[in-house]
Amino acid sequence: MAEILDGKAVSDFFKQEIAKEVLAITAAGNRAPHLVAILVGNDGGSKTYVEAKKKACKLVGFEGTVLYFPDTISQDELLAKVNEINDDPNIDGLIVQLPLPKHINENAVTQTIVPEKDVDGFHDINMGKLAKGDNSGYTSATPLGITMLLKYYGIETAGKHAVVIGRSNIVGRPMSILLSNSSETGNATVTLTHSRTQNLKDITLQADIIVAAIGQPNFVSADMVKPGAIVIDVGITRLDDSSKKAGWRLAGDVDFAAVEKIAGKITPVPGGVGPMTVIGLLYNTLQARKRQL
Ligand code: NDP
């Protein structure tokens with residue numbers, strides 16, 4: 001049976017570490033880091049994510065603010081708000097929860113956030129720095145959180161074959177770059193796969209590390225996994241489940257029950273990558289504050 005990579009427990013560890021750094025900052029007479037999240041509209045899932053981020057801020061001693069806007073807000077109004085925050089010296093990090101309503105161009109919004117406050121790491125400058133292995137920028141929170149989890153468990157990536165499934169700009173692509181960069185949590189040989197990849201199973205069977213970021217429940221089956229492989233499940237999909245009080249449950253991209261019997265180590269859903277994504281965001285916000293001091 002695979003060892004469970006417990007993202008919840010590891011995130012609690014990192015929260016304590018971050019809280020210690022916040023205490024040192026405030027004890028020296030400086031204000032605590034301040035993260036602002038913008039939420040447009042009423043999507044239940046997005047609201048849950050944003051509230052979880054705010055709660056995590058409070059736990060580590062950050063100031064956390066959520067700004068709610070109706071989905072009727074115009075793009076210009078939203079960009080004006082972003083610019084206001086860009087200019088506010090008392091705010092270190094700004095995230096705009098995606099997706100945005102269709103009349104707002106997401107790229108226009110993410111590129112308007114100044115790179116220095118772009119703690120989600122979506123700005124072209126931060127993506128570019130990541131691609132060049134320059135760590136003066138910010139790395140997308142989910143891939144960053146995954147590397148922190150791998151490091152915590154002492155999982156060696158150097159020389160390993162990592163197969164990333166999914167090439168989105170927020171997960172798959174930055175994950176593939178991080179794993180391939182010349183760094184402590186990189187130096188892997190990386191194959192980035194997507195919906196046009198042929199013979200995916202032949203490729204995943206060669207993987208020492210699989211990162212699944214697709215959004216299709218149970219996509220990675222046991223016959224796709226080499227015995228002993230490390231399996232990181234990024235996927236989060238809500239599935240109807242009348243046996244649950246809420247009427248739904250969360251499912252990952254990996255058929256956990258079957259793959260757990262084959263893999264060496266595996267992340268569960270929930271309690272794996274999700275809590276580590278929050279840590280990646282807190283870590284970036286702490287860096288943003290420290291870079292100002
Ligand atoms: P996107 O929809 O942006 O990207 C999905 C990727 O999966 C695409 O690159 C797509 O390929 C690829 N894909 C789809 N079908 C297949 C297939 N059959 N075979 C191989 N590749 C395929 O999703 P995200 O990256 O934003 O998110 C992925 C999942 O991760 C979602 O479930 C999301 O909810 C979850 N997520 C979880 C987070 C966490 O904190 N745990 C954070 C962020 C996301 P193509 O490019 O060819 O279309």
Side-chain angles (χ1 to χ4, degrees), residues 4-8 10-11 14-15 37 43-56 95-100 106-107 110 119-122 127 130 138-150 162-179 190-207 210-221 223-225 231-239 248-256 266-284:
I4 305 295
L5 300 173
D6 187 344
K8 175 73 181 67
V10 177
S11 77
F14 279 111
K15 276 181 193 150
D43 179 74
S46 293
K47 193 160 184 275
T48 309
Y49 290 137
V50 165
E51 296 292 345
K53 290 167 188 173
K54 185 179 172 183
K55 193 173 152 206
I95 57 171
V96 178
Q97 186 68 39
L98 303 179
L100 289 167
E106 286 185 355
N107 194 50
T110 50
V119 288
D120 256 339
F122 296 164
M127 291 281 288
L130 172 68
Y138 298 105
T139 302
S140 180
T142 301
L144 176 62
I146 291 171
T147 57
M148 291 169 90
L149 185 72
L150 294 175
V163 174
V164 179
I165 317 176
R167 58 178 163 185
S168 74
N169 285 331
I170 65 169
V171 189
R173 193 179 306 281
M175 187 77 246
S176 71
I177 296 170
L178 273 181
L179 286 165
V190 180
T191 306
L192 179 58
T193 67
H194 44 77
S195 68
R196 304 293 295 272
T197 297
Q198 292 186 359
N199 307 321
L200 180 61
K201 183 179 154 186
D202 293 346
I203 299 168
T204 57
L205 275 172
Q206 296 171 33
I210 296 175
V211 180
I214 321 158
Q216 290 186 28
N218 302 325
F219 180 89
V220 177
S221 50
D223 62 348
M224 292 170 74
V225 177
V231 179
I232 308 294
D233 190 352
V234 183
I236 302 180
T237 307
R238 265 192 199 192
L239 292 182
W248 52 267
R249 66 184 164 89
L250 293 181
D253 287 342
V254 175
D255 180 355
F256 184 88
I266 188 168
T267 60
V269 176
V273 172
M276 291 309 298
T277 293
V278 176
I279 294 301
L281 181 65
L282 296 177
Y283 178 84
N284 281 342

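Being a predicted model, the structure only gives us computed values, none of them experimental. In listed order, ligands and their atoms are each counted from 1.
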Practice problem: Return yes when atom CZ of F256 has more than 12 non-hydrogen atoms of other residues, nucleotides or ligands closer than 6.0 Å, and no otherwise. | Solution: yes
Self-check item: Under the salt bridge (Lys or Arg N to Asp or Glu O under 4.0 Å) test, residues paired with R238 that sit two or more places apart
Solution: none
Practice problem: Give a yes or no on this: more than 12 heavy atoms of other residues, nucleotides or ligands lie within 6.0 Å of atom NZ of K15. | Solution: yes
Quiz item: Taking T267 for the side chain and D233 for the main chain, is one N or O donor matched with an acceptor at less than 3.5 Å?
Solution: yes
Would you tabulate the polar-atom pairs, meaning N/O of ligand 1 against N/O of the protein, with distances under 3.5 Å, reported to 0.1 Å?
unit_1   : atom_1 : unit_2 : atom_2 : d
ligand 1 : 9 (O)  : R167   : N      : 2.8
ligand 1 : 11 (O) : S195   : N      : 3.3
ligand 1 : 15 (N) : Q216   : NE2    : 2.9
ligand 1 : 21 (N) : S195   : N      : 3.3
ligand 1 : 25 (O) : S168   : OG     : 2.5
ligand 1 : 32 (O) : I236   : N      : 3.0
ligand 1 : 32 (O) : I236   : O      : 3.3
ligand 1 : 34 (O) : I236   : O      : 3.2
ligand 1 : 40 (O) : T277   : OG1    : 2.7
ligand 1 : 41 (N) : V234   : O      : 3.3
ligand 1 : 46 (O) : R167   : NE     : 2.8
ligand 1 : 47 (O) : R167   : NE     : 3.4
ligand 1 : 47 (O) : R167   : NH2    : 2.8
ligand 1 : 47 (O) : S195   : N      : 3.2
ligand 1 : 47 (O) : S195   : OG     : 2.5

Self-check item: I266, T193, V225 screened by side-chain contact (heavy atoms from CB on, under 4.5 Å) with I210, the one that passes
Solution: V225
Exercise. Using the side-chain hydrogen bond (donor to acceptor under 3.5 Å, both in side chains) rule, take Q97 and K47 through it: C-alpha gap first, then chi angles, then the decisive distance, then the call.
Key: CA-CA 9 Å; Q97 186 68 39; K47 193 160 184 275; over 6 Å; no
